[in-house]
Enquirer: 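Take this structure, written in structure tokens, and hold onto it; I'll ask about it next.
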Amino acid sequence: MKSGIKPIRRALLSVTDKTNLKDLGKFLEGLGVELVSTGGTARYLKKVGLKVKEVSDLTGFPEILNGRVKTLHPKVHAPILFDRDDAASIKELRKMGSQAIDLVVVNLYPFETILNSRAPRKDIIDNIDIGGVALMRAAAKNFDHVMVISDPSDYIELKKELANFQGCTRQKTRKFFAGKAFSQTSYYDHLITGWFLSKKQVSHTKSRLFGGSSREILKYGENPHQDASYLNSPGLERKAKYLVKILHGALSYNNLADTTAAYKILCELEDYNKSSCVIIKHGNPCGVAIDNKILGAYKKSFETDPISAFGGIVAVNQKVDEKLAKRILSVFTEVIIAKSFSPEAFKMLSLKKNIKIVEIKSFDRTLLDTEEVRSVIGGYLVQETSLSKLNEEEFKVVTKRKPSKKEFDNLVFLWKIVKHVKSNAIVVGKNLCITGIGAGQTNRVGSVRLAIENSKRLEKNYANNIKTISNGMASDAFFPFPDSIKMASRKGISCIIQPGGSIKDLDVIKEADKLNISMIFTKRRLFSH
């Protein structure tokens, strides 16, 4: 027999999920494989007419503690773990009166499902699998000789392997499924850790794992040459299934990233109890507005930057009706996100071949994790998200001129948005509407200039030759010098909100007083890199 090719003569089956188990059992029996099983699995196999030896027949010891202990026994693990190439191990196994187990088919108690169902504490603890994990790890460790199958969807591949190699398996195939088993037990333990410890407690441990169950393999990542996949986040999957529906099309990597960016901003705007609209392009907002009517919110958002809106993502916190759908379709749009769609609007939108239609029922941060993870040189950066509620009590007016109530409300609105713009970030606007955005510049003066230039472009589109359409400005970090303040004043900005904290704060405040600008310090920086 070729090196690495091993026959399957005896199999241990112990599964919670009985999907396609009957078919697999009959296939193995047809190859002359002896079947050994436990508890409910053994009863199931016998019921469907298969000849099965129970684990207790191997061990001479019955299951105890309501099934908590059944496979944790030397006469189960030794036949799996022993080295077939070691004479002493072979002799020792014979002395025990045991025979080799060449295949282990096992899956674990449904801990994640029980956890997501908000089951009582006892049920959650009862579904922390011990014996199944031990079997998977034992078989995977000894992959040179033993095959482990831990997912019912892999039964087809197992059958192909055994059919193609006359009841044998190859070493490379065993190694692949061993790795898959370890991946599953790792994720399983990650879920259990998340139940025992809060995110804050986990952050103080020496080792951490990140990940989720694979939802789908994406066509590609940010660019066509990059592989990508979409993972379900433990604890958020059930909420996502309930709250999010992709009604038309399939979301790409960039679509998912931009959809998340839009969702975050709409969450920020829920406090206003009005219709709100966000238009996203390449992760940045290019239009944000609030209005009494959803069509008005969309029009204001679109007018902020019509050029950037082309090929962007439109997200609204209300139902899309036929009138709004028609307006949105007048410009090429990649994705439309809303709480719901009227039948007429959906029919109209879905006729567009490449458009994606997404329904999100709630904009209350429910679908967001409390942490952000990013890969860097040598590891990962982990931080809390910046979606915490604003503490307006920390805001401090530092200039002689105080903002009016209307001006203050507008500054708070701008402050909610600037945290979602890539740094250096500046947003300008008026009456709860963004009119200009300066994103991702390497200096703050550049961001101010870009935001104001965008706002001037919008001004030209307005009738009646309005002198200024922006009177408020928000900055994600402090102004290091007064130059940005001077530039803003020349363009009609009369109110500014920023974190403060520069060694030049006094010079900046002095310049604002000189120009009769009202300025608020928030004492909180909002960098987004």
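Values below: all heavy atoms of this structure, side chains included; hydrogens, waters and symmetry mates excluded. These numbers were taken from a predicted model, which means no experiment stands behind them.
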Enquirer: May I ask you to decide whether E372 forms a salt bridge with R374, counting only side-chain N to carboxylate O separations under 4.0 Å?
Expert: no

Enquirer: Regarding E334 and K356, does a basic nitrogen lie under 4.0 Å from an acidic carboxylate oxygen?
Expert: yes

Enquirer: Considering all heavy atoms of both residues, which atom of L414 and which atom of M473 are nearest to each other, and what is their separation?
Expert: CD1-N, 3.6 Å

Enquirer: Between K416 and D271, is there a side-chain N and carboxylate O pair less than 4.0 Å apart?
Expert: yes

Enquirer: Counting C-beta onward and ignoring hydrogens, is there a side-chain heavy-atom pair between V320 and S342 closer than 4.5 Å?
Expert: no

Enquirer: Can you confirm whether the side chains of D476 and S423 place a donor and an acceptor under 3.5 Å from each other?
Expert: yes

Enquirer: Please determine whether the number of non-hydrogen atoms from other residues, nucleotides or ligands lying under 6.0 Å from atom NE2 of H190 exceeds 12.
Expert: yes

Enquirer: Supply the atom-to-atom distance Q498 CD to L411 CG, rounded to the nearest 0.5 angstrom.
Expert: 11.5 Å

Enquirer: Look at the aromatic rings of F363 and Y263 and report parallel, tilted or perpendicular, splitting at 30° and 60°.
Expert: tilted

Enquirer: Measuring only between side-chain heavy atoms, which start at C-beta, is F346 closer than 4.5 Å to I357?
Expert: yes

Enquirer: Are any non-hydrogen side-chain atoms of V133 and L108 less than 4.5 angstrom apart?
Expert: yes

Enquirer: Could you tell me whether E157 and R170 make a salt bridge, using a distance below 4.0 angstrom between a side-chain N and a carboxylate O?
Expert: no

Enquirer: Apply ring-ring contact (aromatic ring centres under 6.0 Å, His included) to the pair H529 and F527, showing each step before the final yes or no.
Expert: CA-CA 6 Å; H529 290 95; F527 275 158; 5.2 Å; yes

Enquirer: With rounding to the nearest 0.5 angstrom, report the CD to CG distance, Q318 to L295.
Expert: 12.5 Å

Enquirer: In the structure I gave you, are the side-chain heavy atoms of S350 and H248 within less than 4.5 Å of one another anywhere?
Expert: yes

Enquirer: As a quick check of understanding, evaluate side-chain hydrogen bond (donor to acceptor under 3.5 Å, both in side chains) for D17 and T19, giving each step before the final call.
Expert: CA-CA 6 Å; D17 184 352; T19 303; 2.5 Å; yes

Enquirer: Where the side chain of R525 meets the backbone of A477, is there a donor-acceptor pair that is under 3.5 Å apart?
Expert: no

Enquirer: Show, in sequence, the C-alpha distance, side-chain angles and deciding distance for D154 and K180, and conclude whether the salt bridge (Lys or Arg N to Asp or Glu O under 4.0 Å) test is met.
Expert: CA-CA 10 Å; D154 293 327; K180 187 169 182 178; 2.7 Å; yes

Enquirer: Do R174 and T169 pair up side chain to side chain, a donor and an acceptor below 3.5 Å, judged on atom types alone?
Expert: yes

Enquirer: Does a side-chain heavy-atom distance below 4.5 Å link F111 with W195?
Expert: yes

Enquirer: Among side-chain atoms of D364 and S362, is any donor-acceptor pair under 3.5 angstrom?
Expert: yes

Enquirer: Can you see which heavy atom on I280 is nearest to which on G283, and at what distance?
Expert: CG2-N, 3.9 Å

Enquirer: Where do T333 and I355 come nearest, in terms of heavy atoms and distance?
Expert: O-CG1, 3.5 Å

Enquirer: How about NZ on K352, more than 12 heavy atoms from neighbouring residues, nucleotides or ligands closer than 6.0 Å, or not?
Expert: no

Enquirer: Please check if atom CZ in F332 has more than 12 non-hydrogen atoms from other residues, nucleotides or ligands closer than 6.0 Å.
Expert: yes

Enquirer: Counting only heavy atoms not in D227, do more than 12 sit closer than 6.0 Å to its CG atom?
Expert: no

Enquirer: Are side-chain heavy atoms of F341 and I336 found at a separation under 4.5 Å?
Expert: yes

Enquirer: Please find the pair of heavy atoms, one from C433 and one from N410, that lie closest to each other, and give the distance.
Expert: N-OD1, 4.4 Å

Enquirer: I'd like to check L251 versus I246 (side-chain heavy atoms, cut-off strictly below 4.5 Å). Are they in contact?
Expert: yes

Enquirer: Checking side-chain contact (heavy atoms from CB on, under 4.5 Å) against F413, which of V418, N431, V288 comes through?
Expert: V288

Enquirer: So, taking the atom named CG in L247 and the one named CD in E359, what distance separates them when rounded to the nearest 0.5 Å?
Expert: 5.0 Å

Enquirer: Roughly how far, to the nearest 0.5 Å, is the CG atom of D505 from the CE atom of M519?
Expert: 8.5 Å

Enquirer: Would you name the heavy atoms of F521 and P499 that are closest together and state the gap between them?
Expert: CB-O, 3.9 Å

Enquirer: For the CD1 atom of I337 and the CG atom of L266, what is their distance to the nearest 0.5 Å?
Expert: 7.5 Å

Enquirer: Is atom CD1 of I503 surrounded by more than 12 heavy atoms (other residues, nucleotides or ligands) closer than 6.0 Å?
Expert: no

Enquirer: Before giving the answer on side-chain hydrogen bond (donor to acceptor under 3.5 Å, both in side chains), spell out for Y187 and E112 the whole-Å C-alpha distance, their side-chain angles and the decisive distance to 0.1 Å.
Expert: CA-CA 10 Å; Y187 176 62; E112 186 170 17; 2.8 Å; yes

Enquirer: Looking just at side-chain N and O atoms, do T173 and E161 make a donor-acceptor pair shorter than 3.5 Å?
Expert: yes

Enquirer: Less than 4.0 angstrom from a charged side-chain N to a carboxylate O is my criterion; do K159 and D23 meet it?
Expert: yes

Enquirer: Could you state the interatomic distance from OG (S229) to OH (Y253), rounded to the nearest 0.5 Å?
Expert: 9.5 Å

Enquirer: Any donor-acceptor pair under 3.5 Å linking the side-chain atoms of E270 with those of N317?
Expert: yes

Enquirer: Are E268 and K419 ion-paired here, with the side-chain N under 4.0 Å from a carboxylate O?
Expert: yes

Enquirer: Is a donor from one side chain sitting under 3.5 angstrom from an acceptor on the other, for S275 and D291?
Expert: no

Enquirer: Around atom NZ of K293, are there more than 12 heavy atoms from other residues, nucleotides or ligands closer than 6.0 Å?
Expert: no

Enquirer: Got T522 and I497 here, is their nearest side-chain heavy-atom distance under 4.5 Å?
Expert: yes

Enquirer: Work out which heavy atom in C286 is nearest to a heavy atom in D305; give both atom names and the distance.
Expert: O-CB, 3.5 Å

